[in-house]
Amino acid sequence: MSDITLILLGAGNSTRFKSEVKKQWLYSGDIPLWLSVAERFGAMELFAKIIIVSSAEDIGLMKHYADYTYVQGGETRQASLKNGLEDVTTEYVLVSDIARCCVPEAMIRRILDARKEASCIVPVLPVTDTLYLAQTPLDREQVRIIQTPQLSVTKTLKEALQTDHVFTDDSSAVASMGEKVYFVEGAHEAHKLTTIDDLKKLPCIKAPSKRTLTGFGLDIHPFEERKPMVLCGVQIDVDYGFKAHSDGDVAIHALIDALLGAAGMGDIGELYPDTDESYAGADSTRLLSDTVRKIRTHGFDIGNVDMTILAQAPRLLPYKEKMKHSIASLLGIRPHLVNIKATTAEKLGFVGRKEGVTVHAVANLTYHNWKEK
Ligand SMILES: Nc1ccn([C@@H]2O[C@H](COP(=O)(O)OP(=O)(O)OP(=O)(O)O)[C@@H](O)[C@H]2O)c(=O)n1
Ligand SMILES: C[C@](O)(CO)[C@H](O)COP(=O)(O)O
């Protein structure tokens with residue numbers, strides 16, 4: 001059994017990346033970057049456990065992809081690391097930034113092979129440019145660029161972090177205890193993905209696959225007297241609406257399920273439970289906007305959507321154009337990529353008896369093509 005646990009830190013906000021998509025969720029081929037990093041380390045079969053530290057929202061989604069130990073992060077890298085360490089029981093812990101997505105295997109082995117040398121083993125690069133601190137030139141031979149992963153004795157690192165002082169990496173925390181830090185040669189491929197321009201420096205990230213992902217959604221709501229009716233975010237001029245926990249926009253609910261289905265993100269009930277009082281009477285356009293945010297920040301672009309509304313009543317033809325524009329604007333796509341069909345049920349079944357409405361929706365997504373932006 002290995003005496004090393006791997007912690008991958010991925011709870012950052014990608015602020016400096018300045019893109020709608022979080023850097024951890026850019027697709028490389030058919031998988032998001034965080035998963036390609038976990039698989040790269042995992043393939044070495046060197047670790048007792050792999051812990052991925054991420055935000056609560058991301059963990060909910062990550063669980064659909066692979067079975068790792070997921071831990072919720074904190075406000076800073078250090079807070080995230082402390083949370084991850086709570087789950088570590090092995091003698092050593094290897095900590096890496098998910099943002100360093102192309103760490104070469106040889107560099108990982110160099111770090112692990114040096115484990116007996118000190119309480120913390122750190123990969124470094126020399127500085128090749130002249131350096132100044134304010135107006136004073138520095139001796140660059142004394143300066144090093146620090147990378148991750150870093151290997152620490154778990155007990156020492158845990159103790160070093162029992163402080164309010166904020167360190168930018170594990171080695172500075174260990175060094176603050178008067179413990180020895182041992183440097184091994186880093187690698188340019190282990191460069192950290194911080195800004196969009198860094199993508200050019202990281203050739204291990206493949207272009208996203210051109211796969212189209214299709215999702216299907218269906219929802220049914222019975223009518224209720226004396227309620228406003230809203231479909232696709234558009235007010236329908238009748239004196240009855242839908243019985244529901246939210247505003248009952250059955251068309252938007254079906255569309256949310258189609259989008260979540262295509263993204264592999266579960267269903268509307270998991271994300272916006274009808275047992276949650278905060279969604280009582282909720283405006284469904286706000287739920288759809290939140291779904292769209294989730295989809296875009298997690299690496300997908302919306303292609304087109306198609307919906308069929310099965311309603312014996314009310315008559316929807318006069319509203320279809322307005323509905324199309326409403327949905328297009330909520331999805332942030334052009335109107336021709338939204339198709340809305342309405343049909344009666346030929347007086348058959350509950351729809352035919354005018355007891356309620358059913359909506360079917362289909363949505364297509366692609367991986368956000370960061371390579372061609
Ligand atoms: N609260 C935080 C902040 C950062 N990290 C992780 O620490 C690593 C180094 O951080 P950085 O590259 O700065 O990532 P972000 O914090 O996402 O970037 P930014 O500072 O631009 O927001 C990243 O893998 C990041 O996900 C973390 O786990 N928890
Ligand atoms: C840990 C680190 O990657 C070592 O170089 C770096 O300090 C992280 O800094 P950031 O500001 O959190 O990107």
Side-chain angles (χ1 to χ4, degrees), residues 5-26 28 32-38 40-41 50-59 61-62 68-88 93-103 107-108 111 120-127 143-152 157 160-161 164-176 181-199 201-202 204-205 297-299 370:
T5 299
L6 172 67
I7 296 183
L8 293 173
L9 294 174
N13 291 323
S14 299
T15 322
R16 288 170 287 177
F17 197 61
K18 293 196 170 68
S19 162
E20 206 178 353
V21 187
K22 286 201 209 179
K23 59 189 178 188
Q24 305 91 307
W25 287 92
L26 292 176
S28 172
L33 219 49
W34 68 266
L35 183 56
S36 80
V37 175
R40 173 182 279 260
F41 277 92
I50 299 182
I51 297 173
I52 298 185
V53 184
S54 204
S55 66
E57 179 180 69
D58 284 11
I59 290 173
L61 302 177
M62 285 170 158
Y68 295 105
T69 300
Y70 296 100
V71 170
Q72 194 173 327
E75 284 295 309
T76 59
R77 182 187 188 277
Q78 183 163 322
S80 295
L81 173 58
K82 268 176 101 165
N83 291 357
L85 280 170
E86 282 177 24
D87 262 40
V88 181
V93 59
L94 185 72
V95 181
S96 201
D97 300 331
I98 280 185
R100 294 194 190 265
C101 34
C102 299
V103 177
M107 173 172 146
I108 300 169
I111 296 162
C120 186
I121 316 298
V122 187
V124 298
L125 286 180
V127 175
V143 179
R144 293 174 179 91
I145 294 171
I146 301 293
Q147 299 186 312
T148 71
Q150 300 182 5
L151 183 74
S152 300
L157 183 57
L161 294 177
D164 289 336
H165 185 84
V166 178
F167 300 100
T168 54
D169 76 334
D170 327 356
S171 71
S172 344
V174 170
S176 76
V181 168
Y182 185 79
F183 298 130
V184 298
E185 188 191 343
H188 289 286
E189 302 96 298
H191 183 74
K192 184 157 69 70
L193 178 57
T194 305
T195 67
I196 288 262
D197 286 343
D198 288 325
L199 284 167
K201 299 178 192 155
L202 295 165
C204 87
I205 314 178
T297 52
H298 291 90
W370 54 267

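Basis for what follows: all heavy atoms, side chains included, without hydrogens, waters or symmetry-related copies. Every number for a ligand or one of its atoms is a count from 1 in the order of the listing. Bear in mind the structure is a predicted one, so any value in this text is a computation, not a measurement.
- The protein non-hydrogen atom at the shortest distance from atom 13 (O) of ligand 2 is Lys192 NZ, 2.5 Å.
- Every atom of ligand 2 with a heavy atom of Thr148 under 4.0 Å away is listed here by number and element: 1 (C), 3 (O).
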Report all N/O contacts between ligand 1 and the protein shorter than 3.5 Å as a table of atom names and distances to 0.1 Å; if there are none, say 'none'.
{"from": "ligand 1", "atom 1": "1 (N)", "to": "Gly74", "atom 2": "O", "distance (Å)": "2.9"}
{"from": "ligand 1", "atom 1": "1 (N)", "to": "Glu75", "atom 2": "O", "distance (Å)": "3.2"}
{"from": "ligand 1", "atom 1": "1 (N)", "to": "Thr76", "atom 2": "N", "distance (Å)": "3.4"}
{"from": "ligand 1", "atom 1": "1 (N)", "to": "Thr76", "atom 2": "O", "distance (Å)": "3.3"}
{"from": "ligand 1", "atom 1": "12 (O)", "to": "Lys23", "atom 2": "NZ", "distance (Å)": "3.1"}
{"from": "ligand 1", "atom 1": "12 (O)", "to": "Lys192", "atom 2": "NZ", "distance (Å)": "3.0"}
{"from": "ligand 1", "atom 1": "13 (O)", "to": "Arg16", "atom 2": "NH2", "distance (Å)": "2.6"}
{"from": "ligand 1", "atom 1": "14 (O)", "to": "Lys23", "atom 2": "NZ", "distance (Å)": "3.2"}
{"from": "ligand 1", "atom 1": "17 (O)", "to": "Asn13", "atom 2": "N", "distance (Å)": "3.1"}
{"from": "ligand 1", "atom 1": "17 (O)", "to": "Ser14", "atom 2": "N", "distance (Å)": "2.8"}
{"from": "ligand 1", "atom 1": "20 (O)", "to": "Arg16", "atom 2": "NE", "distance (Å)": "3.2"}
{"from": "ligand 1", "atom 1": "20 (O)", "to": "Arg16", "atom 2": "NH2", "distance (Å)": "3.0"}
{"from": "ligand 1", "atom 1": "21 (O)", "to": "Thr15", "atom 2": "N", "distance (Å)": "3.3"}
{"from": "ligand 1", "atom 1": "21 (O)", "to": "Arg16", "atom 2": "N", "distance (Å)": "2.7"}
{"from": "ligand 1", "atom 1": "21 (O)", "to": "Arg16", "atom 2": "NE", "distance (Å)": "3.0"}
{"from": "ligand 1", "atom 1": "22 (O)", "to": "Ser14", "atom 2": "N", "distance (Å)": "3.4"}
{"from": "ligand 1", "atom 1": "22 (O)", "to": "Thr15", "atom 2": "N", "distance (Å)": "2.7"}
{"from": "ligand 1", "atom 1": "22 (O)", "to": "Thr15", "atom 2": "OG1", "distance (Å)": "2.7"}
{"from": "ligand 1", "atom 1": "24 (O)", "to": "Leu9", "atom 2": "O", "distance (Å)": "2.7"}
{"from": "ligand 1", "atom 1": "24 (O)", "to": "Ile98", "atom 2": "N", "distance (Å)": "3.3"}
{"from": "ligand 1", "atom 1": "24 (O)", "to": "Ala99", "atom 2": "N", "distance (Å)": "3.3"}
{"from": "ligand 1", "atom 1": "26 (O)", "to": "Ala11", "atom 2": "N", "distance (Å)": "3.3"}
{"from": "ligand 1", "atom 1": "26 (O)", "to": "Gly12", "atom 2": "N", "distance (Å)": "3.0"}
{"from": "ligand 1", "atom 1": "28 (O)", "to": "Ala11", "atom 2": "N", "distance (Å)": "3.0"}
{"from": "ligand 1", "atom 1": "28 (O)", "to": "Ser80", "atom 2": "OG", "distance (Å)": "3.4"}
{"from": "ligand 1", "atom 1": "29 (N)", "to": "Ser80", "atom 2": "OG", "distance (Å)": "2.7"}

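- For Ser54, the side chain to side chain contact (heavy atoms under 4.5 Å, CB included) partners at least two apart in sequence or on another chain are Asp58, Ile59, Met62.
- Nearest protein heavy-atom contact of atom 12 (O) of ligand 2 is Arg77 CD, 4.2 Å.
- On a distance-only criterion, Asp169 and ligand 2 share no N/O pair closer than 3.5 Å.
- Minimum heavy-atom separation, Asp97 to Thr148: N-OG1, 3.1 Å.
- For residues 186-198, the set of pairs meeting the salt bridge (Lys or Arg N to Asp or Glu O under 4.0 Å) definition, not counting sequence neighbours, comprises Asp197-Lys200, Asp198-Lys201.
- When atom types are taken as modelled, the side chain of Lys23 and the backbone of Phe17 share no donor-acceptor pair closer than 3.5 angstrom.
- Not a single heavy atom of Gln78 sits under 4.0 Å from any atom of ligand 2.
- Ligand 2 has an N or O atom lying under 3.5 Å from an N or O atom of Thr168, backbone or side chain.
- Of all the heavy atoms of Arg16, the ones lying under 4.0 Å from any atom of ligand 2 belong exclusively to the side chain.
- Checked by atom type and distance alone, the side chain of Gln147 pairs as donor or acceptor with a backbone atom of Ala187 at under 3.5 Å.
- Residues Val184 and Ile111 approach most closely at CG2-CG1, 3.7 Å, considering heavy atoms.
- Minimum heavy-atom separation, Ser14 to Gln24: OG-OE1, 3.0 Å.
- Without hydrogens or angle criteria, Ser80 side chain to Gly74 main chain gives a donor-acceptor distance under 3.5 Å.
- Asp97 OD2, 2.6 Å is the protein heavy atom nearest to atom 3 (O) of ligand 2.
- Scanning all protein heavy atoms for the shortest distance to atom 5 (O) of ligand 2 gives Ile146 O, 2.6 Å.
- Considering backbone and side-chain N/O of Arg100, one or more are found under 3.5 Å from N/O of ligand 2.
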Can I get a per-line list of side-chain donor-acceptor pairs under 3.5 Å for residues 167-176, giving both atom names and the distance, sequence neighbours left out?
{"from": "Asp169", "atom 1": "OD1", "to": "Ser171", "atom 2": "OG", "distance (Å)": "3.3"}
{"from": "Asp169", "atom 1": "OD1", "to": "Ser172", "atom 2": "N", "distance (Å)": "3.0"}
{"from": "Asp169", "atom 1": "OD1", "to": "Ser172", "atom 2": "OG", "distance (Å)": "2.2"}
{"from": "Asp169", "atom 1": "OD2", "to": "Gln150", "atom 2": "NE2", "distance (Å)": "2.8"}
{"from": "Asp169", "atom 1": "OD2", "to": "Ser171", "atom 2": "OG", "distance (Å)": "2.6"}
{"from": "Asp170", "atom 1": "OD1", "to": "Arg77", "atom 2": "NH1", "distance (Å)": "2.9"}
{"from": "Ser176", "atom 1": "OG", "to": "Ala173", "atom 2": "O", "distance (Å)": "2.5"}

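- Between the side chain of Gln78 and the backbone N or O of Asp164 there is no donor-acceptor pair closer than 3.5 Å.
- Cysteines Cys204 and Cys101: SG-SG separation is not under 2.5 Å.
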